[in-house]
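This report concerns only the one structure given below.
Letters go in sequence order (proteins before strands), and every chain restarts at 1. Being a predicted model, the structure only gives us computed values, none of them experimental.
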Amino acid sequence: DQQVKQNSPSLSVQEGRISILNCDYTNSMFDYFLWYKKYPAEGPTFLISISSIKDKNEDGRFTVFLNKSAKHLSLHIVPSQPGDSAVYFCAASPGIGGTSYGKLTFGQGTILTVHP
Amino acid sequence: KAGVTQTPRYLIKTRGQQVTLSCSPISGHRSVSWYQQTPGQGLQFLFEYFSETQRNKGNFPGRFSGRQFSNSRSEMNVSTLELGDSALYLCASSLASGRDTQYFGPGTRLTVL
């Protein structure tokens, strides 16, 4: 049972345009969400996070939107740059305590390619 | 501040052997989580340690074990290696857990022949 899903395996975008990466989740207990960027043979690099008490969080070119009723989050990258080409993972956590300690549940990832 | 470090970066073993991987967290971070990444299963949680105690464990067989030392450094051990254990093993550290952001190391690429 995949609790976090990234339904688009890949996305291709022109430099300067907006990249929108999507993520859906099924577990209502998730209340903290993160996006990571990953290059092959390297560890994931943290990009941005959002708590369930918010519906938007911005950091420079990166904005994450959370729609709790739809159990959906998205990452917007504006403007997209060739250096953004990587695999993007969304991850979710049920928050503090109990069986949630230190456990992130990841989506399968979306390969973003930004063309010059 | 130095990031999460993992050693070794690459490892080749044969079936039946055992392996120990090491992870040094960011200074001041007390929680260390381990993940396995494979092409088929993606990133999957193995276990988490905090103050030398395992607080959480994923759905992996008992061949996978770990420990944490008083300086927060952590090791994971895989005994009786199987071909399917070939993967990228990642550790991540955070201040305590829960809503603290996890920062990942570069990973150890394990190949089982």
Side-chain angles (χ1 to χ4, degrees), chain A residues 1-10 23 25 27 29-54 57 59 62 64 66 86-111, chain B residues 3-6 9-10 21 23 25-26 29-51 53-60 66 68 72 74 87-111:
Chain A
D1 175 30
Q2 205 171 345
Q3 298 185 52
V4 178
K5 296 179 184 178
Q6 293 176 255
N7 292 317
S8 298
S10 62
C23 180
Y25 63 96
N27 189 337
M29 299 300 292
F30 289 146
D31 71 349
Y32 185 57
F33 305 89
L34 309 92
W35 284 93
Y36 287 88
K37 171 182 175 180
K38 188 179 184 300
Y39 296 112
E42 292 185 12
T45 300
F46 170 71
L47 285 173
I48 192 168
S49 62
I50 188 166
S51 161
S52 61
I53 62 173
K54 293 185 171 183
N57 189 26
D59 185 359
F62 302 93
V64 56
L66 175 62
V87 181
Y88 288 77
F89 290 94
C90 70
S93 168
I96 298 170
T99 59
S100 69
Y101 288 122
K103 179 180 180 180
L104 292 177
T105 300
F106 284 85
Q108 292 295 94
T110 297
I111 301 170
Chain B
V4 178
T5 58
Q6 291 187 245
R9 291 293 311 276
Y10 303 92
L21 313 181
C23 172
I26 292 170
H29 284 192
R30 298 173 64 192
S31 170
V32 174
S33 296
W34 288 88
Y35 295 85
Q36 180 196 64
Q37 186 184 25
T38 59
Q41 298 297 318
L43 274 151
Q44 292 196 298
F45 173 76
L46 280 156
F47 30 64
E48 187 261 3
Y49 286 87
F50 179 83
S51 291
T53 301
Q54 185 184 90
R55 294 194 299 185
N56 201 0
K57 190 176 189 312
N59 294 328
F60 280 83
Q68 187 181 36
S72 295
S74 178
L88 181 67
Y89 289 89
L90 295 157
C91 85
S93 76
S94 66
L95 282 170
S97 192
R99 290 191 182 82
D100 297 318
T101 298
Q102 292 187 22
Y103 296 91
F104 284 81
T108 295
R109 170 68 64 182
L110 171 65
T111 302

- Taking all heavy atoms of A:G102 and all of B:S33, pick out the closest pair and write down the distance. O-OG, 2.7 Å

- Message: Testing the basics here: between A:L104 and B:Y35, what is the closest heavy-atom pair and its distance to 0.1 Å?
- Response: N-OH, 3.0 Å

- Message: Restricting to non-hydrogen atoms, name the atom on B:L88 and the atom on A:E42 that form the minimum distance, rounded to 0.1 Å.
- Response: CD2-O, 4.2 Å

- Which atom pair, heavy atoms only, marks the closest approach of A:Q108 to B:Q41? OE1-O, 3.7 Å

- Message: Can a side-chain donor-acceptor contact be found between B:T101 and A:Y36 if the only test is distance below 3.5 angstrom?
- Response: no

- For B:Y89, side chain to side chain donor-acceptor pair (under 3.5 Å) partners two or more places apart: B:Q36

- How far apart are the closest heavy atoms of A:G43 and B:L90, and which atoms are they? CA-CD2, 3.6 Å

- Does A:K5 NZ have over 12 foreign heavy atoms under 6.0 Å away? no

- Message: For A:N7, give me all partners under side chain to side chain donor-acceptor pair (under 3.5 Å), at least two apart in sequence or on another chain.
- Response: A:D24

